[in-house]
Amino acid sequence: MKNNESKYKQVVNFVIDGIAEGKLQKGDWIPSINEFRENYRLSRDTVFAGLSELKSRGIIASTPGVGYYIASARIPSEQNIFLLFNEFNEFKEDLYNSFMEHVGKGVSVDLYFHNYNRRVFDALVTDANGKYTTYIIMPGKFTGIAPLLESLSGRVFLLDHFHPELLGRYSSVAQNFEKDTYEALCHGLRHIRKYERLLMVQHEKKEPQERYDGLVRFCAEHGFGHEYLASIRDREIREGDLFILVSDRDLVTLLKQAERQQMTPGREFGIISYNDTPLKEILAGGITTLSTDFRQMGLTLAQLIFQKGIRNIENPWMLNIRRSL
């Protein structure tokens, strides 16, 4: 087929140019295989290769025994990307905006969300198969996804949460949750030494256990007590506690409890909150945050999809030390 590689593009370009010039609309029939053969003096295999590419990109579809027709009148691009996020929040919005800003023109991106629902995840990926050139997937903690990814007809990239069992098979830009937590705590050790216990507050099943693994490693090396909490509701704050919080709801609950006990973050107890926001810069005099750089993640991803080979890139972490520590 390599000898026909440039020739089959005549079929592809005929359809793409026809859409761009307004000569072909959604639902219009295109020439048959025999008509393409006669008009361009191509072999049947060459014509079929061109039609197959158009079909895999979702540009055309076929009716058995009748022929091929335009399935989408949207002007296609060389890069047609399926982008699947776990959820949409202000951090993922930063990631998405950065990716779109740096990916360049002539790239088409369709954004979807699975909201941590495995059935939705499987259905979206399965339905997208064959319609895109590139698949960028944020799987979260879902396991056993290798067969599904292997079925995709295009390049696959993993985002934000990487699965070690897939190492060497797909490129990725991801957080290393255990390493990031451990290294950030080591970086802030000078401030942390005044506390006795580190309490990880993380109750949602979607959140990575690796964060606590990094905390346990840090505590073992430096002699701190530690505890994993699913909830802090109705819990008394003890002097010497350092709370590491994932949920902003838990952060508000903790601050209300501190007010009732007349305790001040950064004095009798400490707070580190995951994921930085402008509000945390001023809340309670400044909340210390541990966050990945989602804008950098978007930039790195945009660069990665144009590179050959498999690369696994760890996104950088930031510990913003403020008054609460």
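These values consider heavy atoms only, across backbone and side chains, with no hydrogens, waters or symmetry-generated copies. Nothing here was measured: the structure is a model prediction, and the numbers come from that model.
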Tell me whether Phe306 shares a hydrophobic cluster with Leu83, the cluster being built from Ile, Leu, Val, Met, Phe, Trp, Tyr side chains joined at under 4.5 Å. yes

Expected output: side-chain His163 to main-chain Gly140 donor-acceptor under 3.5 Å: yes

Decide yes or no on side-chain contact (heavy atoms from CB on, under 4.5 Å) for Tyr228 and Gln209, but give the supporting numbers first. CA-CA 10 Å; Tyr228 187 98; Gln209 172 69 26; 4.1 Å; yes

Not counting sequence neighbours, which residues clear ring-ring contact (aromatic ring centres under 6.0 Å, His included) with Phe142? List them please. His114, Phe121

Residues Gly168 and Asn312: closest non-hydrogen pair is N-OD1, 4.0 Å

Do Val201 and Val246 come close enough that some side-chain heavy atom pair is under 4.5 Å? no

Tightest non-hydrogen contact, residues Asn315 and Val173, listed as OD1-CG1, 4.1 Å

Assigning hydrophobic clusters by single linkage (Ile, Leu, Val, Met, Phe, Trp, Tyr; side-chain heavy-atom cutoff under 4.5 Å), is Phe88 placed with Leu124? no

Ser52 side-chain N/O to Phe48 backbone N/O, donor-acceptor pair under 3.5 Å: yes

Check the surroundings of atom NZ in Lys23: do more than 12 heavy atoms from other residues, nucleotides or ligands lie under 6.0 Å from it? no

Strictly by modelled atom types, are Thr300 and Gln296 linked by a side-chain donor-acceptor pair under 3.5 Å? yes

Euclidean distance, Ile60 CD1 relative to Trp29 CH2, rounded to 0.5 Å: 11.0 Å

Please answer: with hydrophobic residues joined when any side-chain heavy atoms are less than 4.5 Å apart, are Ile81 and Met100 in the same cluster? yes

Would you be so kind as to tabulate the donor-acceptor pairs closer than 3.5 Å made by side chains of residues 316-325, with sequence neighbours excluded?
unit_1	atom_1	unit_2	atom_2	d
Trp317	NE1	Glu183	OE1	3.0
Asn320	ND2	Asp276	OD2	3.4
Asn320	ND2	Thr289	OG1	2.9
Arg322	NH1	Asp276	OD1	3.0
Arg322	NH1	Ile287	O	2.9
Arg322	NH2	Asp276	OD1	3.4
Arg322	NH2	Asp276	OD2	3.1
Ser324	OG	Ile271	O	2.8
Ser324	OG	Thr288	N	2.8
Ser324	OG	Thr288	OG1	3.4

If we only count heavy atoms from C-beta on, is the Arg267 to Glu239 side-chain gap below 4.5 Å? no

Quick check on side chain to side chain contact (heavy atoms under 4.5 Å, CB included): which of Leu242, Leu254, Leu199 does Phe269 satisfy it with? Leu254

How about Ser98 and Met297: do any of their side-chain heavy atoms sit closer than 4.5 Å? no

Does Leu229 reach the side chain of Arg235, with side-chain heavy atoms less than 4.5 Å apart? yes

Surrounding CZ of Arg190 (heavy atoms of other residues, nucleotides or ligands, distance under 6.0 Å), is the total greater than 12? no

Donor on one side chain, acceptor on other, Tyr132 and Asp110, under 3.5 Å: yes

Verify same cluster id: Ile19, Val11 (apolar side-chain graph, 4.5 Å): yes

Atom CG of Asp234: over 12 foreign heavy atoms under 6.0 Å: no

Between the main-chain N or O of Ser62 and the side-chain N or O of Lys55, is there a donor-acceptor pair closer than 3.5 Å? no

Check for a donor-acceptor pair, side chain of Thr63 on one end and backbone N or O of Val66 on the other, with a separation under 3.5 Å. no

Is the shortest heavy-atom distance from the side chain of Phe85 to the side chain of Leu95 under 4.5 Å? yes

Between Thr126 and Asp122, which heavy-atom pair has the shortest distance, and what is it? OG1-O, 2.7 Å

Which residue pairs satisfy the side chain to side chain donor-acceptor pair (under 3.5 Å) criterion with at least one member in residues 147-160, sequence neighbours excluded? Asn129-Ser153, Glu150-Arg169, Asp160-Gln175

Shortest non-hydrogen pair, Cys219 vs Gly225, comes out as SG-O, 3.8 Å

Looking only at atom types and distance, does a side-chain atom of Ser231 sit under 3.5 Å from a main-chain N or O of Arg233, one as donor and one as acceptor? yes

Could you check if a side-chain atom of Leu51 sits within less than 4.5 angstrom of a side-chain atom of Phe36, using non-hydrogen atoms only? yes

Checking the side chain of Asn115 only, and the main-chain atoms of Asn117 only, is there a donor and an acceptor separated by less than 3.5 Å? no

Evaluation steps, side-chain contact (heavy atoms from CB on, under 4.5 Å), between Arg211 and Met200: CA-CA 8 Å; Arg211 286 176 178 146; Met200 173 73 72; 3.8 Å; yes

Determine whether Ile136 and Val109 make a side-chain contact, defined as any pair of heavy atoms from C-beta on separated by less than 4.5 Å. no

Should we count CD of Gln307 as having more than 12 external heavy atoms under 6.0 Å? yes

Minimum side-chain heavy-atom gap Phe157-Ile137 below 4.5 Å: no

If I take atom CG from residue Leu54 and atom CD1 from residue Ile16, how far apart are they, to the nearest 0.5 angstrom? 6.0 Å

According to salt bridge (Lys or Arg N to Asp or Glu O under 4.0 Å), does anything in residues 80-98 pair up with another residue at least two apart or in another chain? List the pairs. Glu87-Lys206

What is the minimum heavy-atom distance between Gly309 and Ser171, and which atoms define it? O-OG, 3.4 Å

Which pairs, with at least one residue in residues 212-226 and sequence neighbours excluded, count as a side chain to side chain donor-acceptor pair (under 3.5 Å)? Tyr182-Glu221, Tyr212-His226

Do Leu84 and Phe113 pass the side-chain contact (heavy atoms from CB on, under 4.5 Å) test, and can you show the C-alpha distance, the side-chain angles, and the key distance before you say yes or no? CA-CA 6 Å; Leu84 180 58; Phe113 308 94; 5.6 Å; no

Partner residues of Tyr274 under the side chain to side chain donor-acceptor pair (under 3.5 Å) criterion, sequence neighbours left out: Thr181

Can you see which heavy atom on Ser247 is nearest to which on His203, and at what distance? CB-NE2, 4.2 Å

Lys26 and Ser72 side chains, donor-acceptor separation under 3.5 Å: no

Is it true that Lys179 and Glu314 have a side-chain N and a carboxylate O under 4.0 angstrom from each other? yes

Determine, step by step, whether Val107 and Asn80 satisfy the side-chain contact (heavy atoms from CB on, under 4.5 Å) criterion, reporting the C-alpha distance in whole Å, the side-chain angles of both residues, the deciding distance to 0.1 Å, and the verdict. CA-CA 6 Å; Val107 175; Asn80 192 17; over 6 Å; no

Is the centre of the Phe82 ring less than 6.0 Å from the centre of the Tyr112 ring? yes

Determine whether a donor-acceptor pair (N or O, by modelled atom type, separation under 3.5 Å) exists between the side chain of Gln262 and the backbone of Glu259. no

Say whether Ile237 and Ile192 are linked into one hydrophobic cluster, either directly or through other cluster members, by side-chain heavy-atom distances under 4.5 angstrom. no

Could you walk me through whether Phe224 and Phe218 satisfy the ring pair (Phe, Tyr, Trp, His ring centres under 6.0 Å) test, starting with their C-alpha distance in whole Å, then the side-chain angles of each, then the deciding distance to 0.1 Å, before giving a yes or no? CA-CA 8 Å; Phe224 294 96; Phe218 170 81; 5.6 Å; yes

